[in-house]
2 protein chains.
Amino acid sequence: MPDLSIDVVAKAAGVHRSTVSRAFSRPEAVKRETREHILRVAEGLGYTMSPLAQALRTKTSTFIPLIVPDITNPFFAELAKTMTQAADERGYQLLLCVTNGDPAKTDGYFTAMQAMYAPFGIVAPSTKVDTEAMKRFDFGHKVVVIDRVEGDDAVPTVTVDSRRGIMIALEHLHSLGHTSIGYVSGIAGTHTAQDRMDAYLELSAESGSAPVVLDSGSDLDAGTRGAEHYLEMDNPPTAIIAANDMVAFAVISALGQRGVRVPEDVSVIGFDGLALGARFNPPLTTVRQPIADMGHIAIELAEKQNIDGSVDHIVLEPQLLVRGSTSGPRK
Amino acid sequence: MPDLSIDVVAKAAGVHRSTVSRAFSRPEAVKRETREHILRVAEGLGYTMSPLAQALRTKTSTFIPLIVPDITNPFFAELAKTMTQAADERGYQLLLCVTNGDPAKTDGYFTAMQAMYAPFGIVAPSTKVDTEAMKRFDFGHKVVVIDRVEGDDAVPTVTVDSRRGIMIALEHLHSLGHTSIGYVSGIAGTHTAQDRMDAYLELSAESGSAPVVLDSGSDLDAGTRGAEHYLEMDNPPTAIIAANDMVAFAVISALGQRGVRVPEDVSVIGFDGLALGARFNPPLTTVRQPIADMGHIAIELAEKQNIDGSVDHIVLEPQLLVRGSTSGPRK
DNA sequence: AGTGTTATTGCAACCGATCTCAGCAACCGA
DNA sequence: TCGGTTGCTGAGATCGGTTGCAATAACACT
């Protein structure tokens, strides 16, 4: 395959470069026969335009970066999946950027994005810090964030209603007959995590029962710690709300290792609605976030902003997803 | 931030473009003072070179595509994670490409890669088909595959020794006292899946016990089907080897829903060594693949090939990772 | 026939780098 | 002092496209 530039196609079709260019990117500007002829020739040669050259010249590309802290976390993986799809439905090419929670890397990715003329970017932040970094770039105003953002209405966001989600979980548990419901938080840092926790505290108090936050630290072993705390209690709650599905998995696993059964001994409900939850043991009851919608909406918001400058803040409704990890309280 | 091209830096530093260029990409070719001066000026302006322009001119970029069928599968997620790291340790930028098993998409990605002057690519194939697609590109000879490849020694590969892995699993189970050991296969299509199955069949026969392949179909519900098959048997095996961790999860989950306990009633061992397995209920005993090594090695192989044209086939050793899903046979 | 539009296409500069080649100054030995 | 290196820098073409502008063709109308 010798280098296939626009010029060779032009020559082969007997027209000028610019005509070939137009045939591809501004079809209405070239006579139909000519265009069809060019396209046919190009096809025959197996020619495609160089996105690099295009980006360089037009100062805008179809690369759209998705910045996530950890692709290993199934939530982000599912997000990435739906976003890749949403992206190339619209002719974009998603670039996955994994920061591992390193703000320096976030910064690096931002400058890289700018250099690549990305029309916009999507950020699923690990910590509030990331959104700070964001603001240091004028690029910052072409980013949509999958989290709540504080004190900056200029950036579009899409989130799920945390309070509503916790409420749903609580209601589900109440309806099952639980009155003592604990909470295990996830990794702190995001507004979302904060919101869920706050919601739990508030709603719990409102319903008259004292909130029981199981010690969970702020690291990956939140689940384990929470489980230990549970075991040490004289009067442990009969149900546990986990800040997210991963934490729920960890809690159930840790509990299981100590001989505590779910849902027989305690009910556990997660928050996320990961597909993985269906294959957990037991299948995880959880508050489902419409992840696929989030992905699509994020891209729509970005495009919308790019066109008319509008900045929306979409809040989606979570849903209860009952599987096997909750049941009536023991005894 | 007005456009920051090499020319503005040149002007600001009072030198010619080409000197700035050299200051960055061929430091030894420019006088030290000059270089330092330029670098300082550039720094002050917050200038970085445009990877696009560079790629266009040099016909080689630092984008390296990682093509996976499904990022939602934790195995690929972990691979992606270690590869991003390995990549940017070496100054590359990993582009995650998700095919969802669609060969057409694989094709599309390949041409995109070529267009972006990727120096090489990494493919973790979902099916044998993908590697076919690969060969249609001259790019094909700058790809390393994370799987075995048949009939084409020209492409570097890195895999883990399937046979050895199954052997390890079998030995572990035997040493625990199991004699009747079943197998649940994963999604068919990759050589790896095939190899594991073959190894099971062979080794099982060699050890004198009749192989018991639990019906698992070829789709996502392999685990469920396997579990059902297990339940229907008059004399079910006392232990099960799952083709990979995800299948193991599904099997345990399905079994659990039917009241069968792991490892009390049946032992289950997986294959992969996913981090997630540690948080499963029970924590999954498994044959661990050195995923991180695979990522690094894949990149090394690619670089090596690019330099001296050598094509290696690395086969890594798997390890036993004992957690909680295996124990002695019941009764 | 003369002139004004409109539809197409060609020309050439430009995007932000790289790289070959040539120019020039300093340095070396004879 | 002069030819020969060597070291460093500038010129300018080039990578693969895009796009404003000019040129030409085609068609309509008076």
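Each chain gets a letter, A, B and so on, in the order the sequences are listed, and its residues count up from 1.
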**Message:** Mind checking if Ala55(B) touches a base, just sugar-phosphate, or nothing, with heavy atoms under 4.0 Å?
**Reply:** nothing
**Asked** Out of dG12(D), dT18(D), dC15(D), which has the shortest distance to the side chain of Tyr117(B)?
**Response** dC15(D)
**Item:** Thr34(B) side-chain N/O to dT9(D) phosphate OP1/OP2 under 4.0 Å
**Value:** yes
**Item:** Expected output: side-chain Thr34(B) to main-chain Val30(B) donor-acceptor under 3.5 Å
**Value:** no
**Message:** Can you see if the side chain of Lys59(B) gets near the phosphate of dT18(C) - specifically, an N or O under 4.0 Å from OP1 or OP2?
**Reply:** no
**Prompt:** Between the base of dG7(D) and the side chain of Arg32(B), is there any donor-acceptor pair under 3.5 Å?
**Reply:** no
**Request:** Quick one: look up who dG29(C) pairs with, Watson-Crick or G-U, both distances under 3.5 Å, and put none if it's unpaired.
**Result:** dC2(D)
**Message:** For a quick check of understanding: with a heavy-atom distance under 4.0 Å over all strands, which category does Ser50(A) fall into, base, sugar-phosphate or nothing?
**Reply:** sugar-phosphate
**Asked** If you check every side-chain atom of Lys31(B), which of dT9(D), dG17(D), dG12(D) has the closest atom?
**Response** dT9(D)
**Message:** Between Asp70(B) (side chain only) and Asn100(B) (backbone N and O only), is there a donor and an acceptor less than 3.5 Å apart?
**Reply:** no
**Message:** Heavy atoms only, 4.0 Å cut-off, all strands: where does Val20(B) land among base, sugar-phosphate and nothing?
**Reply:** nothing
**Message:** Could you tell me how far apart Arg26(B) (CZ) and dT9(D) (C1') are, to the nearest whole angstrom?
**Reply:** 12 Å
**Spacing between Arg35(A) atom CZ and dT9(C) atom P, to the nearest angstrom** = 10 Å
**Request:** Tell me yes or no: between the side chains of Thr192(A) and Asp147(A), is some donor less than 3.5 Å from an acceptor?
**Result:** yes
**Asked** With no angle test and no hydrogens, is the base of dG16(D) tied to the side chain of Arg57(B) by a donor-acceptor pair under 3.5 Å?
**Response** no
**Prompt:** With respect to the side chain of His16(A), which nucleotide from dT18(D), dG10(D), dC11(C) is positioned closest?
**Reply:** dC11(C)
**Request:** Provide, to the nearest angstrom, the distance between the CG atom belonging to Leu56(A) and the P atom belonging to dC15(D).
**Result:** 14 Å
**Message:** When you compare the side chain of Ile146(B) with that of Thr157(B), does any pair of heavy atoms fall below 4.5 Å?
**Reply:** no
**Prompt:** Taking atom P of dG17(D) as reference, at what distance in whole Å does atom CG of Leu52(B) sit?
**Reply:** 13 Å
**Message:** Does Thr48(A) reach a base, just sugar-phosphate, or nothing at all? Heavy atoms under 4.0 Å.
**Reply:** sugar-phosphate
**Asked** Less than 3.5 Å between a donor and an acceptor, one on the side chain of Thr58(B) and one on the base of dC19(C), is that the case here?
**Response** no
**Message:** Salt bridge or not between Glu36(A) and Arg32(A)? Use side-chain N to carboxylate O under 4.0 Å.
**Reply:** yes
**Prompt:** If we call it a pair only when both distances are under 3.5 Å in a Watson-Crick or G-U wobble match, what pairs with dG10(C)?
**Reply:** dC21(D)
**Request:** Give a yes/no on whether any side-chain N or O of Gln54(A) is located under 4.0 angstrom from OP1 or OP2 of dT18(D).
**Result:** yes
**Prompt:** Rounded to the Å, how far apart are Gln114(A) CD and dG16(C) C1'?
**Reply:** 16 Å
**Asked** Taking atom C1' of dT19(D) as reference, at what distance in whole Å does atom CZ of Phe24(A) sit?
**Response** 17 Å
**Prompt:** Okay, side chain of Asp308(B), backbone of Ser310(B): is any donor-acceptor separation there less than 3.5 Å?
**Reply:** yes
**Prompt:** In terms of the nearest nucleotide of DNA chain D, which residue is placed more toward the 5' end: Thr19(A) or Gly14(B)?
**Reply:** Gly14(B)
**Request:** Would you classify Tyr47(A) as touching base, sugar-phosphate or nothing, given that sugar-phosphate means primed atoms plus P, OP1 and OP2, and contacts are heavy atoms under 4.0 Å?
**Result:** sugar-phosphate
**Request:** Return the value, rounded to whole Å, for the distance between atom CZ of Arg17(B) and atom P of dT9(D).
**Result:** 16 Å
**Request:** Nearest whole angstrom, please: distance from the P of dC14(C) to the CD1 of Ile6(A).
**Result:** 19 Å
**5' priority, DNA chain C, between Arg22(B) and Pro51(B) [closest heavy atom]** = Pro51(B)
**Message:** Treating Thr19(B) as the side-chain partner and Val15(B) as the backbone partner, does any N or O pair qualify as donor plus acceptor under 3.5 Å?
**Reply:** no
**Asked** Quick one: is dG12(D) close enough that its OP1 or OP2 comes under 4.0 Å of any side-chain N or O from Ser18(B)?
**Response** no
